[in-house]
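Below: the structure, in structure tokens.
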Amino acid sequence: ANHSSQTNEQAEVVPKDKNELRVALSVSPPSIDLVKTSTTVALQVGWHIFEPLVTLDKDYKPTPMLAKSFEVSEDGKEVTFTLREGITFHNGKTLGVEDVIASLNRWKELSPNGKTALVGATISSKENDKVVITLEKPSGTLLTSLAFPQQGAVIMPKEVIDAATEEGVKEYIGTGPFKFVEWKQDQYILLEKFADYKALSEPANGLGGKKEAKVDRIYFHTVPDAATRVAGLQSGEYDFADELPYDNYEQLKADPNLVTVVAKPQKYVGLIFNKKQGLFSSAVARQAVNAALDQEVIMIGITGNPDFFRLDHSLMFAEQPWHSDAGKEKYNQKNPELAKKLLNEAGYKGEPVTIITTKDYDYIYKSSLMVKDHLEKIGVKVNFELYDWPTMVSKRSDETKWNIFFTGFPTYTNPVQTLYLDSRNKWPGWYNNPEMDALLDELRHTIKFEDQKAIFDKIQTLYWEDLPSVKLGDLHGLAAHRNYVKGYQYFMDSPFWNVSVQ
Amino acid sequence: MVYVPLLEVKSLRTSFSTELGEVTAVDGVSFHVNAGETVGLVGESGCGKSVTSLSILRLFRKHSGTKLGGEIFFEQKELLTSSMNELQEIRGNQISMIFQDPMSSLNPVYTVGNQISESIMLHQKLSKKEAFEKTIEMLSLVGIPSPEKRVNDYPHQLSGGMRQRVMIAMGLCCHPKLLIADEPTTALDVTIQAQILDLMKGLQEQLQMGIMLITHDLGVVAEVCDRVLVMYLGQIVEEATVEILFENPKHPYTIGLMKSIPTIDGKRGEKLHVIEGMVPSLHQIPAGCRFAPRCPFADEKCRHHSPDLIGVGDGHKVRCWHHERIGIGGGNGIAIGNQ
Amino acid sequence: MQLETNEVKETPLLQASNLVKHFPMKRGYFGEKSYVKAVSDLSLTIYQGETYGLVGESGCGKSTTGRMILRLLEPTSGSVRYRGKEVTHFSEEELRSIRKEMQIIFQDPYSALNPRKKIGKAIQEPMSIYNIGDAKQHKEAVLELLRKVGLQPEHYDRYPHEFSGGQRQRIVLARALAVHPAFIVCDEPVSALDVSIQSQILNLLEQLQEDFELTYLFIAHDLSVVRHISDRVGVMYLGHLVEEAPTDVLFSEPLHPYTRALLSAVPEPNPKKRRERIVLSGDVPSPINLPSGCVFHPRCPQAIETCKKEVPILRELAKHHRVACHLI
Amino acid sequence: METSSVTMVGTGSATPPMHHAKIVVNRFFANRLAVSGSILVLLITMICILAPLLTSYDPIEMNVQERLKPPSTSHWFGTDEFGRDVFTRVVYGSRISMGVGFSVVMITSVVGLMFGLYSAYYRKLDNFLMRINDGLMAFPAILLAIAILAALGPKMSNVIIALSVVYIPTVARAIRSAAITVREQTYIEAIRALGGKSWRIIWLHIAPNCLSPLIVQATFIFAYAVITEASLSFLGAGTPPPEPSWGNILNDGRTIMKQAWWMTVFPGVSIMMTVLGLNLLGDGLRDLLDPHTNKAKK
Amino acid sequence: MGGYLLKRIVSLLPVLFVVAIVDFIIIHLTPGDPASVMLGSQATEEELANLREQLGLTLPIYTRFFQWIIGILQGDLGWSIFMDMPVTEAISEHLGPTLSLTILAEIIAILFAIPLGIMAANRRGSWMDQSFMTFAMLGISLPSFWIGLNLILLFAVQFNWLPAAGYQPLSSGIVNHLKYLIMPAVSLGIMQGALIARMTRSSMLEVLGENYIRTAEAKGLKMWIVTYKHALRNAFIPILTVIGLSFATLIGGAVVTETVFNIPGIGKLIVNSVLRRDYEVIQGTVLMIAAAYVFINLIVDILYAYIDPRVRYDKS
Ligand SMILES: Nc1ncnc2c1ncn2[C@@H]1O[C@H](COP(=O)(O)OP(=O)(O)OP(=O)(O)O)[C@@H](O)[C@H]1O
Ligand SMILES: Nc1ncnc2c1ncn2[C@@H]1O[C@H](COP(=O)(O)OP(=O)(O)OP(=O)(O)O)[C@@H](O)[C@H]1O
Ligand SMILES: [Mg+2]
Ligand SMILES: [Mg+2]
């Protein structure tokens with residue numbers, strides 16, 4: 001980010017309306033029913049409206065939000081939340097335990113995250129303001145899962161949940177600092193300051209602490225075209241835009257009216273093998289690919305700028321306490337000779353390897369192009385198939401159609417959430433290693449963080465040996481806002497509470 | 001006071017630029033039309049009849065590369081050098097034109113009444129209503145039944161004969177002094193043609209106008225004209241009163257033309273006389289006499305030197321080196337006189 | 001027989017009886033169908049070796065008749081017999097066999113030739129349609145035909161646009177002659193031609209008739225031309241044959257009022273003979289709403305009450321002279 | 001003096017002063033715009049054919065060290081975000097753009113000709129075919145192409161199929177109206193009178209006379225196909241990258257138009273020149289071959 | 001006239017039926033489904049399968065087709081899976097921008113094209129004619145998206161005179177509305193304008209060569225009366241055809257322009273719906289566009305009859 005814009009005399013640009021924040025998003029969310037959809041945009045809008053019991057502080061640790069406090073029993077099988085008093089929903093109703101129970105049950109039912117976190121759990125109330133989650137087995141990951149914003153365990157009024165249909169809730173009623181006003185499809189979603197919002201008194205910390213609506217309205221415009229987002233930002237049409245192309249970085253940085261934001265940590269890019277069928281059902285073949293890769297070149301190819309990536313081998317980000325050194329030596333080997341040897345060992349006969357990819361996500365497309373280049377250099381014949389996103393998703397569920405695809409993985413709050421590791425998720429790629437499943441379970445039921453960390457080291461070691469996927473590197477996002485937007489801080493995504501327009 | 005003809009054309013020369021170079025469609029044509037007289041202009045297709053008539057009112061598209069030379073006097077006013085405004089005063093007002101094809105010459109999207117009254121309003125400065133009444137009057141004058149209904153018809157709702165009558169009404173509505181009729185009956189059937197010719201004759205007597213009648217039908221010429229001009233390949237080859245021309249044609253082309261058409265009461269069962277070959281293209285105008293390649297009398301002189309149009313008495317003019325020797329012989333052939 | 005020159009040949013080559021052609025016309029979507037009654041109940045016989053002239057004003061159904069005879073148009077009803085054979089219900093294949101013998105020449109020589117086919121190929125086409133001879137024979141035959149119609153061998157490789165109207169008409173004739181027809185319908189073959197060219201073609205037609213023993217149905221609206229070339233003439237008015245007679249008879253003693261008006265309306269290229277003309281009033285009525293009774297009655301100078309009601313039938317008054325009129 | 005009526009004197013003079021083909025050629029060369037159009041088209045065709053000789057770079061191989069370099073002597077049109085030489089990509093892109101255009105023209109011409117001729121000749125078939133035609137024409141071209149491509153998947157061959165489906169109705173319609181006019185010509189009736197069968201009439205007489213409108217139409221279809229392919233690729237639905245097509249080079253460059261103008265300017269200009277050339281040529285050909293077609297119905 | 005209209009409308013039905021079938025088939029041949037889009041990249045197979053079941057995507061294709069057709073016959077275009085609203089509502093929400101855009105583009109096109117075309121025809125061969133026609137030629141050779149991109153770069157990013165993208169409805173004030181629409185309308189209208197100008201010129205030239213123009217001149221009418229009264233009306237039929245077609249093309253072309261300028265119109269709706277596999281929205285919208293196309297043709301035909309009496313009498 002740069003703040004050295006004062007040199008330019010004429011550029012005293014005033015905001016259109018100080019009470020309004022105009023945000024340009026790249027896609028239109030299918031819904032902002034956070035429990036239902038895992039898309040990031042839904043979160044981006046939804047977390048201004050909805051709040052969970054616990055959330056993450058800046059160290060990615062659970063911290064209270066709607067719960068005043070929480071308590072984990074000795075055996076780790078029972079967690080008790082005490083609700084804050086006097087919290088009202090946007091419809092005026094006061095938050096009660098029945099709302100929390102209904103919400104958590106829905107979360108358990110609908111969200112994969114909830115499903116694993118609350119497996120076999122019962123949720124009950126105690127006294128008037130306490131909610132108790134009783135688990136079958138001790139869980140060391142429940143709190144972090146509850147705090148995980150994506151498909152998060154947000155609290156909605158019981159009536160709304162009861163009225164919800166298969167398509168989702170009919171009303172967006174939460175407790176957050178902004179309330180939902182209007183949704184014009186393919187145009188914008190309008191949120192408005194919630195006057196009766198009751199903030200925590202602690203200073204803001206990650207997603208926790210004091211949250212305050214400093215503008216009256218937020219418009220989330222849907223602007224799928226990146227060039228349009230850039231142009232709109234530069235011409236002052238939008239105050240904030242994210243998912244900006246990396247190649248616009250220098251230009252945006254040079255614009256005195258703008259402040260650029262490198263959003264990190266955001267996600268890491270992974271290459272997923274089809275382990276069920278074809279060449280990469282053999283771990284040796286997977287190792288060959290891993291040996292061939294020069295992650296630095298790949299990440300440069302994706303971003304074009306070292307500011308936007310970080311070479312890191314760990315499945316959890318460096319900012320998180322989970323970060324582990326295990327398996328580091330297997331990362332970024334750039335050893336084509338070894339790769340060829342391994343390939344030979346795996347019995348590769350020149351059959352084509354199908355990479356399916358999409359242009360709908362630039363980094364996916366670019367990763368696949370770069371990896372294709374690497375594979376061809378070690379003598380793999382690549383069949384490069386480009387589809388739009390829905391087609392790619394449908395292709396990737398069919399094990400006969402592909403060998404490799406790429407995707408990004410978000411900031412998980414605990415390693416258990418890593419989708420592709422657990423065979424029971426049946427996630428495309430169909431990794432199935434009982435040893436891995438056992439380790440994940442062990443970690444899940446371990447309570448002390450140090451013990452968990454030790455298990456995670458094992459998991460990561462196994463990962464780099466068995467390679468269900470290959471992590472290519474951490475990928476940061478580029479966002480930017482007009483310089484009169486103050487108080488913005490990237491964390492997990494873009495929160496606009498505590499952000500003002502001056 | 002010197003007698004001046006109504007229209008006098010002197011050495012008119014009209015050329016067009018085409019992709020194959022410049023062509024001179026009318027080359028040195030001179031003639032005159034007196035008031036109250038009907039002058040016929042005959043000749044084969046492409047010989048320049050229409051171009052001659054269009055040149056009088058300069059009705060060529062701008063930018064079409066048309067070049068006009070010579071002089072045209074209408075009541076002593078030179079038309080080729082007059083301004084567009086002056087010309088527009090004369091067009092439709094003092095000189096009117098009727099064209100061959102009445103369908104394509106009427107604007108399909110306006111009623112015939114609209115098209116006639118437009119002219120009346122323009123030249124006679126009448127109000128719309130007066131012009132309209134005048135229009136109905138004109139339509140009944142040219143013999144259109146129930147004209148007050150027909151004024152509101154569009155051209156395509158009328159039959160060919162009626163359209164031609166509308167054209168005539170349009171031409172006559174401002175009582176022009178000269179009417180130029182370019183093949184006014186060619187598109188019509190004989191019975192309708194007879195009606196139209198009758199009509200024109202009658203109106204000429206009423207209005208005392210000069211008529212220049214363009215046609216390729218010698219029968220029509222014989223029936224209605226006072227004087228005849230025969231054109232061949234852009235030039236007038238013979239000029240005479242209608243009686244003299246049919247009695248004693250002098251130019252081999254005129255003679256050939258007359259002999260080659262079967263007549264309704266001539267002899268049957270004999271071979272027709274034939275003019276050999278065909279009209280050459282304007283791009284290949286023969287040197288010398290233009291008719292020489294097709295002329296049975298042509299000699300070296302004809303092939304190299306072009307004859308002038310010379311008077312042979314009684315206003316009879318011929319463009320032929322051998323006119324003295326040539327005349328209609330007996331039978332079906334053409335005879336060469338003494339020598 | 002009044003005139004020696006006009007002896008009528010007696011072997012019928014073609015007999016058309018009661019030919020009717022109604023073209024359907026849609027008017028509006030729900031409006032009733034109306035018909036253009038182009039030809040109504042027309043019968044004529046053409047004898048071997050003669051030239052039968054058919055005259056009438058534009059739109060009276062001359063071409064339609066000619067095309068029905070060749071079955072280029074399906075008659076609405078009626079029949080055509082060629083050399084005694086009923087051809088009205090011939091199939092496409094059977095038709096092909098007699099089409100060799102019946103040919104047609106159209107008015108417009110400019111559109112009667114495919115602009116993209118060389119002359120030689122165009123004349124040769126009928127031979128390949130009927131698989132007559134091989135390529136070499138074709139070429140010889142074409143050259144022979146070219147000569148016959150007064151064209152040069154070097155014209156073989158030229159395209160139609162390089163020819164004048166008169167020359168094209170010769171080419172069309174050559175093509176028609178390629179299959180050795182016996183009968184040719186000439187649909188106004190000279191009316192698009194210049195006067196000086198017209199006589200060339202008329203002479204050629206006569207010449208060919210002699211050389212190939214052809215029979216012509218000669219359609220024209222120019223009475224002088226018809227008179228010149230025909231042995232017998234039929235006069236049509238609004239789809240009806242109103243009078244038919246040997247040429248000289250018709251021109252010297254026309255009986256039908258329409259024929260008389262028609263003849264008198266022809267301008268005479270002789271200023272001394274400005275005759276009294278019978279100028280008909282009005283236009284030819286529309287063939288969609290035919291007048292009742294005699295179709296000519298609205299324009300007939302002598303019409304009587306009966307004419308409005310009863311359709312006159314074609315009666316033979318003298319030998320070969322047939323008239324359809326109540327007054328005679 | 002009698003003359004035999006059969007022989008003609010002076011038949012030699014019947015030949016017009018200049019041979020028709022020569023007039024046509026002259027007329028074409030007199031039309032400066034048409035000439036410049038054909039020069040452009042010729043030039044681009046040459047570039048297509050000679051692509052490998054014009055450049056020493058590979059259009060697909062990446063070199064991230066060299067990314068986004070402005071035009072220089074080593075990279076005439078600069079480099080793109082993967083360090084590929086833009087000149088090379090534009091040159092090879094011409095193969096895709098022109099290849100797609102050309103294939104579309106061939107397919108639409110053949111299929112369109114068949115549909116057009118048969119529906120002009122057989123009235124019953126006409127009704128059926130023209131309903132389908134109208135139906136297809138009622139889809140906006142781009143949308144239909146996007147939909148077809150979404151269904152078939154982005155492949156160059158599918159782009160060709162999609163664009164062909166989009167443009168066949170246009171060609172069929174033009175051919176049909178030309179063929180109906182030809183069908184009414186006397187020479188067709190003359191062939192019928194001679195006993196010619198339907199196939200002979202359709203293919204030997206009607207078809208050759210529909211070639212002029214077909215050629216003219218084909219030129220315009222070529223131009224449309226190039227633009228539409230570019231638009232599709234620009235929307236990300238056309239020729240799949242990394243294969244270079246002008247549209248997808250533009251698409252790659254559009255977000256960085258300001259920093260890397262060379263990525264949008266050069267393919268943009270290429271599209272313009274090609275389409276301009278084709279349009280000029282088409283206009284010229286139309287004036288030459290088909291002056292009376294109703295231009296509204298192209 | 002009434003009968004004629006009825007006939008035309010009845011004759012449209014088969015066209016629309018063809019459109020409906022083609023539309024449905026193409027869309028359902030397309031791999032991928034809305035569930036995968038709604039659930040995002042982290043979705044598991046199980047979630048996807050559940051959602052598909054819920055959305056009725058597992059029903060056999062013919063059942064879905066008949067359901068859809070029956071719905072349409074009852075005036076129901078279907079339900080948007082993704083936007084969770086009736087398709088009619090989705091269309092009406094997106095219709096305004098597209099209408100504004102195409103109408104403005106058409107107005108811009110016509111406003112410039114017809115006068116320029118007439119001027120060029122009247123001065124055939126002059127430098128004016130040549131330069132107009134060269135511009136028109138360029139106009140039909142430039143892809144509209146490229147024009148759009150350059151306009152944005154120039155007027156929004158460089159000069160900052162106009163907003164780069166987006167849309168403000170008419171209710172936000174006419175000036176505001178136009179500010180957002182002017183660039184897209186220009187980039188969309190240029191090609192149509194060029195086409196109309198060329199058509200106007202060639203049609204005028206053709207008409208000016210007709211015999212009735214000569215008749216009008218022979219009457220002594222002034223040049224401008226001849227041009228505007230006698231020539232233009234006759235020349236207008238082919239021009240009208242182009243205008244009619246251009247409207248239809250504009251709706252299609254709007255797809256690209258709306259993407260470039262981020263205008264939430266019908267084109268955008270379709271592209272988005274294709275990407276989201278929102279089947280019924282695509283089907284409904286395409287059907288509606290086809291109907292609009294057919295309807296525009298109908299209007300053009302009616303206008304023909306108004307301009308040209310021959311058409312009027314032939315058909316009634
Ligand atoms: N605008 C023009 N440009 C070039 N040549 C022309 C033009 N108008 C006429 N001509 C040529 O001038 C010659 C004379 O034409 P014109 O129309 O006067 O013939 P015409 O005698 O009226 O014939 P027709 O009997 O066929 O009407 C023809 O050869 C014609 O091709
Ligand atoms: N295919 C057709 N469909 C509808 N009406 C037709 C058709 N062909 C001819 N007619 C009509 O039939 C009538 C007779 O036409 P036909 O061509 O036989 O006349 P014609 O005597 O040959 O006239 P012309 O001298 O003008 O050639 C006309 O009214 C004509 O309009
Ligand atoms: Mg003329
Ligand atoms: Mg006829």
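Lettering of chains follows the sequences in order, A, B, ..., and the numbering in each one begins at 1. Basis for what follows: all heavy atoms, side chains included, without hydrogens, waters or symmetry-related copies.
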Given a strict heavy-atom distance threshold of 4.5 Å, which part of C/Ser281 is in contact with chain B: side chain, backbone, both, or neither? backbone

Heavy atoms only: give me the nearest C/Pro267-B/Asp217 pair and the separation to one decimal. CG-OD2, 4.4 Å

Chain C interface, residue from B/Leu245, B/Ile192, B/Leu197 that has the most non-hydrogen pairs under 4.5 Å: B/Ile192

Between B/Leu218 and chain C, which part of the residue has a heavy atom less than 4.5 Å away: side chain, backbone, both or neither? both

Looking just at side-chain N and O atoms, do C/Gln198 and B/Ser260 make a donor-acceptor pair shorter than 3.5 Å? no

Segment of C/Leu280 engaging chain B (4.5 angstrom heavy-atom cut-off): both

Select one option (side chain, backbone, both, neither) describing which atoms of C/Val225 are under 4.5 Å from chain B's heavy atoms. both

At their closest point, which heavy atom of B/Glu276 faces which heavy atom of C/Gln200, and how far apart are they? C-NE2, 3.8 Å

Can you tell me how far CG of B/Leu272 sits from CD1 of C/Ile229, rounded to the nearest 0.5 angstrom? 8.5 Å

Nearest 0.5 Å, please: how far is OG in C/Ser196 from NE2 in B/His216? 11.5 Å

Tell me whether C/Asp194 contacts the main-chain N or O of B/Glu44 through its side chain, where contact means a donor paired with an acceptor under 3.5 Å. no

Tell me if the CG atom of B/Asp314 is crowded by more than 12 foreign heavy atoms within 6.0 Å. no

In terms of heavy-atom contacts, C/Arg299 and B/Gln195 come closest through NH2-NE2, 3.7 Å

Note, C/Pro269 side chain near B/Ile261 side chain (heavy atom, < 4.5 Å): yes

Best-contacting candidate, C/Ala261, C/Ser286, C/Ser224, against chain B by heavy atom pairs under 4.5 angstrom: C/Ser224

Do C/Leu202 and B/Lys271 make a side-chain contact, defined as non-hydrogen atoms from C-beta onward lying under 4.5 Å apart? no

Taking the side chain as C-beta and beyond, is there a heavy-atom pair between C/His221 and B/Val190 under 4.5 Å? no

